[in-house]
There are 2 protein chains.
Amino acid sequence: MLNQADHADNEGTGRRAGLDHADVIEGALALVEEGGPEALTMRKLAAELGVTTTTIYWHAGGRDDIVTAVIKLMSQRLAHTPVEGILAPDRVMSAARHVWESALAHPEVTSLAHQHRSTSLLELDLEIVLARELAAAGLRGDSARDALRAILISVGGFLVLGLRDESAIDDEHTSHALWAGIDDPGIDPSTVESLTHPVDLHALFETTVRAVVDHYVPGRESRP
Amino acid sequence: MLNQADHADNEGTGRRAGLDHADVIEGALALVEEGGPEALTMRKLAAELGVTTTTIYWHAGGRDDIVTAVIKLMSQRLAHTPVEGILAPDRVMSAARHVWESALAHPEVTSLAHQHRSTSLLELDLEIVLARELAAAGLRGDSARDALRAILISVGGFLVLGLRDESAIDDEHTSHALWAGIDDPGIDPSTVESLTHPVDLHALFETTVRAVVDHYVPGRESRP
DNA sequence: ACCTGAACACCGTTCAAGT
DNA sequence: ACCTGAACACCGTTCAAGT
């Protein structure tokens with residue numbers, strides 16, 4: 001969906017296609033947001049930009065470099081929503097929720113980052129916000145690190161399922177689909193019945209991540 | 001590493017390569033365990049088995065079918081280690097640890113399942129063990145389901161990082177590598193210093209998952 | 001400095017043909 | 001019933017060549 005008009009100001013220079021590093025990365029981001037990580041191929045990107053794949057290599061390197069640049073670009077664009085709450089655990093929880101929500105707002109790019117093992121590159125700014133709240137809660141050194149990592153890992157677990165649900169319309173291998181075939185004498189029928197239905201991820205996120213936050217963050221401090 | 005001797009008992013029948021559905025899946029599993037998910041290609045598998053790719057399709061279908069079958073095979077092979085502990089939360093924790101440890105024992109297959117969005121297919125038997133312990137702890141219906149999902153999601157979050165570390169010798173995008181470049185006035189220098197070092201995942205697993213377990217599982221019940 | 005065309009070494013999958 | 005060979009439509013990447 002990038003067209004010549006988007007970089008018309010580059011025409012008339014020594015360049016023939018008027019292509020920029022930024023143009024390549026923005027085109028790549030557009031491809032990912034439209035068709036997911038697997039839609040980002042060198043040939044499709046080249047076609048989108050109206051050039052040959054070789055031109056892409058000249059401007060922005062190989063696919064790996066482009067993926068990294070796309071993640072960095074999205075990282076900058078992630079909304080810096082202010083943290084809410086008075087008590088320290090509430091504010092930490094709010095920062096954790098930002099990570100969760102901004103990832104769900106851009107599921108395709110988050111999936112891309114996940115596949116590329118660069119989730120923390122995408123989330124770094126939000127991790128810093130979370131770290132500040134932990135510092136304000138009185139956590140220092142190793143205990144701050146452990147709290148940060150534990151919270152981010154928990155959020156990450158929810159993200160795996162949250163992103164899964166996006167594309168799982170026909171999925172036969174979801175946990176709740178599999179439980180439909182289970183009949184175990186050690187488990188109550190009402191429990192099995194519950195397990196055949198998908199869970200309310202958002203509600204479960206709140207209580208579970210809150211439990212982790214409460215375990216690591218002292219509760220009585222407040223913040224001006 | 002499969003050779004003709006492995007299925008010599010099939011020779012002399014109407015078959016020419018003496019190939020079986022089970023042979024294909026075991027060959028696929030071997031490829032994955034040796035070279036990771038990306039080593040499982042139809043051509044490599046065919047070469048390993050000494051046939052053409054088309055033969056693979058005849059016996060076991062396309063790559064998707066093979067991946068599913070590999071995961072099911074590994075699911076059956078996962079050790080049924082007995083749950084330990086007397087108090088309910090200890091036993092639930094033990095069952096959760098089984099999920100974590102059996103996944104780490106087979107990182108490549110777990111990665112494959114993860115990519116295929118079939119983690120719960122791989123872990124189903126261990127999920128059932130966990131569900132039994134939750135039932136024994138007195139949890140029924142929705143509260144049993146929520147506890148199970150919350151615990152599995154937490155374990156899943158740790159798995160993402162645990163599997164990451166396996167292949168992260170040169171990784172520039174790990175969280176602790178990124179924090180080395182951060183200088184934020186709102187965060188204590190000792191905290192930043194801590195964050196530049198990798199975390200002890202096993203220790204963090206114990207305390208974090210335990211916090212989740214304790215939040216969902218009543219603590220006073222015991223089991224004969 | 002910027003861009004193209006052709007090529008290489010891979011993929012998954014299908015189809016007609018052989019025994 | 002079981003297996004092959006050739007082909008199709010894709011990949012990422014490189015290299016010599018053009019302007």
Side-chain angles (χ1 to χ4, degrees), chain A residues 2-4 6-25 27-28 31-32 34-71 112 115-118, chain B residues 2-4 6-25 27-28 31-32 34-70 111-112 115-118:
Chain A
L2 271 183
N3 54 43
Q4 198 63 22
D6 287 330
H7 37 72
D9 47 352
N10 284 335
E11 285 182 278
T13 69
R15 297 164 183 160
R16 267 158 285 176
L19 212 62
D20 207 337
H21 180 270
D23 293 327
V24 175
I25 306 309
L31 274 179
V32 172
E34 279 167 40
E38 74 277 10
L40 176 53
T41 76
M42 301 304 276
R43 287 168 218 266
K44 281 180 188 163
L45 182 53
E48 183 99 346
L49 298 168
V51 292
T52 323
T53 53
T54 334
T55 306
I56 310 274
Y57 281 85
W58 200 92
H59 282 291
R63 189 178 189 272
D64 229 55
D65 306 290
I66 293 173
V67 169
T68 302
V70 165
I71 294 167
L112 180 73
Q115 285 178 17
H116 201 245
R117 300 166 192 272
S118 307
Chain B
L2 269 183
N3 55 43
Q4 198 61 23
D6 287 331
H7 37 73
D9 46 354
N10 283 335
E11 284 183 278
T13 69
R15 296 163 183 163
R16 267 158 287 176
L19 213 62
D20 206 338
H21 180 269
D23 293 328
V24 175
I25 306 308
L31 273 180
V32 172
E34 279 168 40
E38 74 278 9
L40 176 54
T41 75
M42 302 303 276
R43 287 168 218 264
K44 280 179 188 163
L45 181 53
E48 183 100 345
L49 297 167
V51 292
T52 324
T53 53
T54 334
T55 308
I56 310 274
Y57 280 85
W58 199 90
H59 282 292
R63 189 176 190 272
D64 228 55
D65 307 288
I66 293 173
V67 169
T68 302
V70 164
S111 294
L112 181 72
Q115 283 178 18
H116 201 243
R117 299 167 192 272
S118 307

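Labels below follow one simple rule: chain letters A, B, ... track the order of the sequence lines, proteins then strands, and each chain is numbered from 1.
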message: What is the separation between atom CG on B:D20 and atom C1' on D:dC3, rounded to the nearest whole Å?
response: 15 Å
query: Under 4.5 Å between any side-chain heavy atoms of A:I56 and A:R63, yes or no?
result: no
message: Please classify the nucleic acid contact of A:L40 as base, sugar-phosphate, or nothing, using heavy-atom distances under 4.0 Å.
response: sugar-phosphate
- line: Rounded to whole Å, the CH2-C1' distance (A:W58 to D:dA16) equals 17 Å
- prompt: How long is the gap from CG on A:L112 to OG1 on A:T68, to the nearest 0.5 Å?
  reply: 9.0 Å
query: Below 4.0 angstrom from OP1 or OP2 of D:dT14, is there any side-chain N or O of A:T54?
result: no
message: Rounded to whole Å, please give me the gap between CZ in A:R43 and P in C:dT4.
response: 15 Å
query: Do any side-chain nitrogens or oxygens of B:H59 fall under 4.0 Å of OP1 or OP2 in D:dC3?
result: yes
query: Counting side-chain heavy atoms from CB outward, which of C:dT13, D:dC3, D:dT13 is closest to B:R63?
result: C:dT13
- request: May I ask you to evaluate whether A:K44 reaches the phosphate of D:dC10, defined as a side-chain N or O under 4.0 Å from OP1 or OP2?
  value: no
- line: Using Watson-Crick geometry (N1-N3 plus N6-O4 or O6-N4) or G-U wobble (N1-O2, O6-N3), each under 3.5 Å, C:dT14 is paired with D:dA6
field: Integer-rounded Å distance: D:dC2 P and B:D23 CG
entry: 13 Å
- request: Report the nucleotide, chosen from C:dG12, C:dA7, D:dC3, that has the shortest atom-to-atom distance to any side-chain atom of B:L19.
  value: D:dC3
- prompt: Counting just side-chain N and O atoms, does B:T52 come under 4.0 Å of either OP1 or OP2 of D:dT4?
  reply: yes
- line: Rounded to whole Å, the CE-C1' distance (B:M42 to C:dT14) equals 12 Å
Comparing A:Y57 and B:T53 on DNA chain D - which has the more 5′ nearest nucleotide: B:T53
- prompt: Hey, what do you get for OG1 (B:T41) to CD (B:E48), rounding to the nearest 0.5 Å?
  reply: 10.5 Å
query: Less than 4.5 Å apart, any side-chain heavy atom of A:T55 and any of A:L49?
result: no
field: Between D:dC11 (C1') and A:L45 (CG): distance, integer Å
entry: 14 Å
- request: Mind calculating the distance between CD (B:Q115) and P (C:dG12) to the nearest angstrom?
  value: 13 Å
- request: Send over the distance from B:D64 CG to C:dT13 P, rounded to a whole Å.
  value: 7 Å
query: Mind checking whether B:K44 and B:L40 have side chains closer than 4.5 Å, heavy atoms only?
result: no
- prompt: Is any side-chain nitrogen or oxygen of B:T41 closer than 4.0 Å to OP1 or OP2 of C:dC11?
  reply: yes
